[in-house]
Every structure is written in structure tokens, then in C-alpha cells.
Trainee: 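Following this message is one structure expressed as C-alpha cells.
Just so it is clear, the model here is predicted, and its values are computed rather than measured.
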Amino acid sequence: MADVRTRFAPSPTGYLHLGGLRTALYTYLFARKNNGVFILRIEDTDQEREVPGAVELIYQSMREAGLTYDEGPDVGGAYGPYIQTQRRDLYLPYALQLIETGAAYPCFCTKEELQERRDAATARGEQFKYDKHCLHIPRDEAKRRMQSGEPFVIRQNVPATGVAGFEDALFGHVEVACETLDDNVLIKADGLPTYNFANVVDDHLMAITHVMRGTEYLSSTPKYNLLYEAFGWQAPIYVHLPVVMKDATRKLSKRYGDPSFEDLLAQGFVKEAILNFIALLGWCPKEEREFFTLPELVEAFDLDGLSKSPAIFNMEKLVWFNSEYIKKMDFETYLRTATPWFEQALAGRGVDYRRLAELMHGRTEVFNRVPDMVRFLAELPEYEVELFTHKKMKTDLAVALTALTLARPALAALPTFDEEPLKECLMALAESSGLKTGQMMWPVRVALSGLASTPGGATEIAYLLGKEESLRRIDLALQKLSA
RNA sequence: GGCUCCGUGGUCAAGUGGUUAAGACACCGCCCUUUCACGGCGGCUACAGGGGUUCGAAUCCCCUCGGAGUCACCA
């Protein structure tokens with residue numbers, strides 16, 4: 001087989017969504033695994049859908065994901081340009097060549113006429129299909145009209161009978177009857193090619209050997225193969241990837257507010273976790289294993305681990321992956337990453353972020369959840385006195401009152417609020433007063449935090465709060481309990 | 001609706017004619033414990049349904065049902 005050349009060919013319509021990211025990932029992995037070439041090509045032939053700045057967004061996402069490409073608009077290569085609108089003039093000659101051989105023909109029907117006929121057909125309950133009306137215009141007349149400046153498109157001349165098919169590396173042989181196929185437009189009135197045509201011409205010109213793309217193209221691929229045959233070109237090997245779903249019936253789509261790769265990064269997901277999770281959504285490694293770095297994915301990737309059915313994007317599992325990756329993060333990286341999130345809730349409070357980070361490191365699932373978890377340090381939340389009652393800790397209001405009454409002067413007498421002395425003090429106090437550890441610690445922690453659960457125990461929180469604020473909060477609790 | 005494709009627990013999934021049908025997330029329980037997490041141990045839940053083929057089907061065939069994709073001068 002020739003050297004493997006693959007491509008990721010997104011349209012610049014906004015952020016890179018997760019389905020696109022997965023396609024890019026698999027394509028990249030396949031290329032790298034086979035020591036092949038990975039290419040980025042921008043398919044921007046639809047000028048109406050083009051979103052300004054989207055191309056740069058794609059470069060950025062690819063870079064952030066670590067999916068480096070060997071050829072592309074911003075890195076160059078021997079098969080450029082890699083942006084289709086910059087290739088606009090090279091498609092027409094190929095279409096003209098097809099007209100010569102009868103595999104295509106110019107069509108002068110206007111969009112409006114077509115739409116009327118389409119509407120009429122649906123009104124009758126029929127499915128519209130172009131009737132090859134313009135195919136029957138005499139060759140000379142057609143040529144004259146094309147040269148006269150009359151708007152026209154070029155359509156593929158699909159045989160009326162017979163079958164068209166192709167071999168998919170994942171789905172096997174796929175075949176359709178030609179009569180169910182429409183004569184699609186190859187070159188639009190604006191002179192730009194449609195996807196149907198551009199992808200065939202470009203994949204051939206760029207010597208692409210393997211095409212990986214979503215299954216939305218599965219049913220139209222036989223038509224593309226007809227084009228390859230008409231040109232006498234060798235078609236690439238196709239690998240169609242099942243779509244990524246949001247739930248059982250809807251696919252993941254940015255239009256419906258589902259997160260893009262960039263969104264997830266902004267929310268505090270780490271890119272390694274996203275990639276790892278995405279890789280396993282529709283692909284399964286040979287070995288029993290679920291943690292992979294990008295290089296490890298390259299090593300492990302193989303086509304027959306791919307699944308044929310759509311996979312539902314399971315946010316909970318992504319969150320789990322993320323928390324695992326955060327735990328594996330070295331501490332300094334965690335501290336650096338978490339600090340801006342601490343700032344959101346604690347700016348100017350003088351909290352010891354390093355100590356807080358130690359406590360939070362093993363409990364952080366997604367960074368955007370951090371501010372809510374630490375906000376109690378800045379401001380004591382409103383809480384009900386019933387919070388002091390905890391069955392497992394064997395505490396009730398009376399126990400809490402006793403514990404806090406004892407703790408208050410003992411803590412006030414402490415010269416510093418370091419954790420060790422704090423702990424020794426409270427433990428000793430519990431023991432000497434006949435209280436269980438929990439009966440002392442629970443009330444103190446609740447008084448300090450106003451929360452049923454916190455990222456740390458009573459002594460850690462007392463340290464973070466400092467002596468003054470801690471005593472203030474205990475006094476408040478004492479008031480509550482005495483009322 | 002036509003065409004194409006898919007169908008193992010709630011989710012991701014292993015499985016390619018003979019298995020007690022893995023594993024992970026989630027969930028539940030227990031242990032650990034100054035809360036909550038973490039961690040450890042254990043548990044619940046699946047071959048869409050019906051026909052075949054076969055000594056034997058999650059695995060092969062057919063039908064039904066369910067779901068998805070696609071039917072543009074969008075990609």
C-alpha cells in the first residue's frame with residue numbers, strides 16, 4: 001500500500017465540536033500509527049455558512065488538543081493550498097472533463113424553479129428528484145448558453161439504472177440502487193464546488209489514501225465512487241465513523257448548546273481527559289485499559305476496535321476521567337491551575353492557597369466547581385441549627401453546645417492557629433470531657449463552615465480561616481445553639 | 001415516507017458457534033475516617049422480540065420492532 005495520507009477536513013462554521021474532535025483524533029491516530037501523513041484541509045466552499053474567525057479557532061483547537069498536522073493552511077505542504085476557496089479555479093476544468101465524457105452536464109434550472117418543483121412534489125407526497133431536464137439540451141446549445149453568461153450549475157449524471165457501492169473498512173460493502181440517487185450539483189452557480197465534488201477532487205489531488213469521516217456521508221459515498229470511476233481514479237479507503245449522540249435520539253450539536261472542545265476547556269476540563277474520554281467513545285483498545293496519553297493512543301489505535309453504533313456522550317464519565325487526571329496532576333500544576341478559580345471566590349481574603357490546594361487536589365472533579373466549594377471560607381453560609389445533629393457522629397444540639405462551649409476558650413488560648421496544635425487541643429479537649437472525637441470535631445467544623453461537607457476537617461478549616469474569623473464563627477454558633 | 005446503517009445492563013463497552021456473558025462510569029451497601037471526598041471490599045442491572053440453521057447460538061440466516069443517518073446550488 002502507498003504511504004498513508006489522511007486528512008481532517010472541517011468546515012469553518014464555529015468551534016470544533018466534540019464529534020469533529022473525535023474524527024480529527026481518530027484520523028490523526030491512524031496516520032501516526034501507520035507512520036503516515038496527517039493533513040488539515042479547510043472546506044469553506046459554502047460562503048453563506050462561513051463564520052469569521054472560525055478557521056483560526058480550528059487551528060487553535062487542533063493545537064490545544066495536540067493534534068499536529070504535517071500539511072495544512074498554516075503549516076504549508078506540497079499539495080496546497082489547503083483552503084478550498086483558494087483552490088476555486090482548479091475544480092471547473094475537472095467538471096468540464098466530466099461533461100466531455102458524459103458523466104456530468106450543465107444545468108440551467110434556477111434555484112427558485114427547483115424549489116417550486118420540490119414543494120410541488122412534497123405536496124403530492126412524493127420525493128423530489130431532479131428529472132435530468134437539462135441533460136437533454138443539445139451539447140452545442142448548452143455550450144453556447146454557458147458562454148453567454150447565463151447562470152448554470154454542473155450536475156453529476158448518475159446512471160438511471162444499476163447499482164453503486166463501495167467498501168467501507170468498518171461497515172463492509174455498502175450498495176445502493178442508482179435510481180434512488182439524485183443528480184447532485186458538482187459546481188454551484190457561484191463557480192465554487194459543492195462538498196460532493198471538492199472532496200473527491202481534493203482527496204485525489206492530495207493523494208489521500210484513507211478517508212475518515214462521520215456516517216452522515218455513508219449513504220452518499222456510492223455517488224462519490226461513481227465520480228472516481230468517471231475520472232478513472234483510485235478511490236481512497238473509507239472509514240465512516242458513527243455519530244456522537246447527546247442522548248438516545250439526538251445527536252450532539254453545538255446548535256443545541258452542547259459543549260464544544262473549547263467550552264469544556266473553559267469549564268475546567270483538562271485536555272488529556274477530554275481526549276482520553278473521546279477516544280474511548282466508539283473505540284475500544286485490545287487490552288483491558290482505559291488511561292491513555294496521546295502517544296499511547298497512537299500506539300494502541302487500530303481500526304477493528306471501532307464501534308459501528310452511535311455512542312452517547314456521557315458527561316458523568318468525562319467528569320470522572322477529569323477528576324482522575326486532576327489527581328494525577330503534579331501539585332504545582334494543580335496549584336497554578338486552581339488559583340484563578342480560588343480567586344473567583346476568595347480574592348483578597350488572604351487564604352493560604354497552597355494549603356487549600358492540598359486539600360482540594362483530591363476532591364476536584366472539574367475546576368469550575370472549585371469556587372462554590374471554597375466560597376464558605378470567604379463568607380459563612382446561612383445554615384440551620386439542625387446541621388449540628390448528626391447521627392453517625394453521635395451529635396445533637398446539646399452535644400454541640402457542650403463541645404463548642406469547651407472549644408471556644410481553649411481555642412482562644414492557643415497562641416497560633418497551626419493545624420497540629422489545633423488538632424492536639426481539640427482531641428485532648430474531647431478526651432478529657434468524655435466526648436468522642438467526632439462529637440467535638442463535627443460541631444466545630446459545622447460552626448466554622450456552615451456546611452455538611454467541606455474540603456477538609458475542622459482543624460484544616462480553622463487554620464485556613466485564622467483565629468479571629470474562627471472564633472467569630474464559633475460565637476455565632478453558640479448564639480444559635482443558645483437561642 | 002424511500003434508501004442506507006445500527007441494536008449486549010441507565011451509559012461506554014469486551015465478546016467473532018461451546019464463557020459462571022468481562023471491565024469502566026453511575027447507583028446501592030459495608031469498611032476506613034474529625035465532615036465530604038479519596039481508597040478498599042461487596043452488590044444490583046444486559047444479549048430488543050419471534051422464527052430458523054446447529055449437538056450447541058449474544059455470535060450465522062430470515063422477519064418484526066426500535067433507533068440513527070440521509071434524501072440541498074450545506075458540509
Trainee: What is the distance, to the nearest angstrom, from the CD1 atom on Ile274(A) to the P atom on rC25(B)?
Mentor: 19 Å
Trainee: Let me know the distance between CG of Leu241(A) and C1' of rC6(B), rounded to the nearest Å.
Mentor: 14 Å
Trainee: I'd like to compare against my own output: the B/S/- annotation of nucleotides 10-15 of chain B with a strict under-4.0 Å heavy-atom distance to protein.
Mentor: -SSSS-
Trainee: Which one is paired to rC71(B), where only Watson-Crick or G-U wobble pairs with both distances under 3.5 angstrom count?
Mentor: rG1(B)
Trainee: In whole angstrom, give the distance that lies between atom CZ of Arg289(A) and atom C1' of rA22(B).
Mentor: 18 Å
Trainee: Hey, are Asp352(A) and Arg355(A) close enough for a salt bridge, meaning a charged N less than 4.0 Å from a carboxylate O?
Mentor: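 Judged by the 4.0 Å cut-off on N to carboxylate O distance, Asp352(A) and Arg355(A) do not form a salt bridge.
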Trainee: May I have the distance from Tyr325(A) (atom OH) to rC25(B) (atom P), rounded to whole angstrom?
Mentor: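 After rounding, the gap between these two atoms is 14 Å.
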Trainee: If you measure from the Lys or Arg side-chain nitrogens to the Asp or Glu carboxylate oxygens, is any gap between Asp182(A) and Lys223(A) under 4.0 Å?
Mentor: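 No, no charged N to carboxylate O under 4.0 Å.
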Trainee: Between Arg289(A) and Glu296(A), is a salt bridge (Lys or Arg N to Asp or Glu O under 4.0 Å) present by the stated rule, with each step listed?
Mentor: CA-CA 11 Å; Arg289(A) 172 180 171 190; Glu296(A) 288 169 346; 2.8 Å; yes
Trainee: Calculate the interatomic distance between His173(A) atom NE2 and rC5(B) atom C1'; express it in whole Å.
Mentor: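 Between C1' of rC5(B) and NE2 of His173(A): 14 Å.
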Trainee: Tell me what Met440(A) touches on the nucleic acid: a base, only sugar-phosphate, or nothing, going by heavy atoms under 4.0 Å.
Mentor: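 Nothing: the residue Met440(A), judged by heavy atoms under 4.0 Å, touches no strand.
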Trainee: Sugar-phosphate means primed atoms, P, OP1 and OP2; the rest is base. With that split, encode nucleotides 70-75 of chain B 5' to 3' as B, S or - using protein heavy atoms under 4.0 Å.
Mentor: SBSBBB
Trainee: So what's rC41(B) paired with, Watson-Crick or G-U wobble, going by both distances under 3.5 Å?
Mentor: rG29(B)
Trainee: Over how many whole Å does the gap from Arg213(A) atom CZ to rC5(B) atom P extend?
Mentor: 16 Å
Trainee: Has Glu175(A) got a side-chain atom pairing as donor or acceptor with Val163(A)'s backbone, closer than 3.5 angstrom?
Mentor: no
Trainee: Do NZ/NE/NH1/NH2 and the carboxylate oxygens of Glu116(A) and Arg118(A) come within less than 4.0 Å?
Mentor: no
Trainee: Decide whether a cation-pi geometry holds between Arg22(A) and Tyr26(A); the criteria are a distance under 6.0 Å from NZ or CZ to the six-membered ring centre and an angle within 45° of the ring axis.
Mentor: no
Trainee: Which letter, B, S or -, goes with each nucleotide of nucleotides 31-42 of chain B from 5' to 3', with contact meaning a protein heavy atom under 4.0 Å?
Mentor: --BBBB-SS---
Trainee: Nearest whole angstrom, please: distance from the P of rG69(B) to the NZ of Lys246(A).
Mentor: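 Rounded to whole Å, this separation is 13 Å.
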Trainee: Is Arg145(A) positioned over the aromatic face of Phe108(A), cation under 6.0 angstrom from the ring centre and no more than 45 degrees off axis?
Mentor: yes
Trainee: Starting from the C-alpha separation in whole Å, work towards a yes-or-no answer on salt bridge (Lys or Arg N to Asp or Glu O under 4.0 Å) for Glu469(A) and Arg473(A).
Mentor: CA-CA 6 Å; Glu469(A) 177 65 8; Arg473(A) 293 187 180 193; 2.6 Å; yes
Trainee: Quick check with a 6.0 Å cut-off and a 45 degree axis cone: is Lys251(A) positioned over the face of Phe313(A)'s six-membered ring?
Mentor: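 No, a cation-pi geometry is absent between Lys251(A) and Phe313(A).
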Trainee: Name the pairing partner of rA24(B), where a pair is Watson-Crick or G-U wobble with both distances under 3.5 Å, or state none.
Mentor: rU11(B)
Trainee: Step through it carefully: locate the ring centre of Tyr334(A), locate the ring centre of Phe367(A), and say whether they are under 6.0 Å apart.
Mentor: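 Yes - the distance between ring centres of Tyr334(A) and Phe367(A) falls below the 6.0 Å cut-off.
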Trainee: If you draw the axis of the six-membered ring of Tyr130(A), does the NZ or CZ of Arg155(A) fall within 45° of it and under 6.0 Å from the ring centre?
Mentor: yes
Trainee: Whole angstroms only, please: what is the NE2-P distance between His240(A) and rG69(B)?
Mentor: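 Taking NE2 of His240(A) and P of rG69(B), I get 15 Å after rounding.
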